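As the structure is a prediction and not an experimental result, all values here were calculated from the model. Atoms within each ligand, like the ligands themselves, are counted from 1 in listed order.
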Amino acid sequence: MKEKLNDLRQNYNKFELVEESVPKNPLELFKIWFEDTKNSEILEANAMTLGTVSSDGQVKLRVVLLKEYGVEGFTFFTNYNSEKGKNISFNNKASLLFFWDRLHRQVRIEGEIVKVCREETLEYFNSRPYESKIGAIASNQSSELESRESLEERYNKLLIDYPENPPCPENWGGYVLKPSYIEFWQGRESRLHDRIVYEFTNDWQIKRLYP
Ligand SMILES: Cc1cc2nc3c(=O)[nH]c(=O)nc-3n(C[C@H](O)[C@H](O)[C@H](O)COP(=O)(O)O)c2cc1C
């Protein structure tokens, strides 16, 4: 089977991105774009694709939710024993990708990942709804699961074991990606898109790439 998608085509003509108007620090531009996204009709502005590499060199992608960003980097929470956790402990170089379709924007981020401190993990874990806490305990994320029923059984048993204040599992917590490369892509007419890249050496250097 072969489906041609030649007719699926969008015109990108909403905004432009010019060197003269971009801040020196990419986090400031990220903040402007993130706020624009929050104010748009995009459902989950903070959903980002995380790319890691497995020990046999296979690139692995999945969506996670950005929970904090700032000078330290970009933070998300997960199970440290998951596939992504194993990938990161093998190779902590990783990538993040945001695609905000309504705004014709893409942000690519590269850098190194470290675990956030336990206090920060606990602070975030404790802020989560009760059911999400139980869900985190119930899931051996990325391990093979015998059946849907066995997951629900585990979950229901945990509801009884922990009627309140479920503890944060040791293998659950945050990661922060410290960026060394951030690229902002703004779709433009005739596929002449704007690509402004910030690269960190001693300071952030800005350059433009061909689209
Ligand atoms: C919108 C969305 C948000 C998600 N957020 C998270 C998240 O914040 N943390 C997480 O561990 N998994 C999240 N997931 C699930 C992951 O995409 C993935 O299935 C899971 O983390 C297992 O990935 P792994 O086997 O590569 O480790 C999310 C999925 C979607 C579609």
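For Y69 and F34, the ring centers are positioned less than 6.0 Å apart.
Within 4.0 Å of ligand 1, the residues that place a heavy atom are E44, R62, V63, V64, L65, F77, T78, S82, E83, K84, Q141, S142, listed by chain and number.
Applying the side chain to side chain donor-acceptor pair (under 3.5 Å) definition to pairs two or more places apart or across chains, those involving residues 30-48 are E35-K38, D36-R105, E41-R102. Here side chain to side chain donor-acceptor pair (under 3.5 Å) pairs that include residues 9-29, with residues two or more places apart or in two chains, are E19-R208.
Rounding to the nearest 0.5 Å places OG of S82 at 11.5 Å from NZ of K60.
By the 30° and 60° cut-offs, the orientation of the rings of W172 relative to F125 is perpendicular.
Under the side chain to side chain contact (heavy atoms under 4.5 Å, CB included) criterion, Y181 pairs with E110, E183, V197, E199, L209, not counting sequence neighbours.
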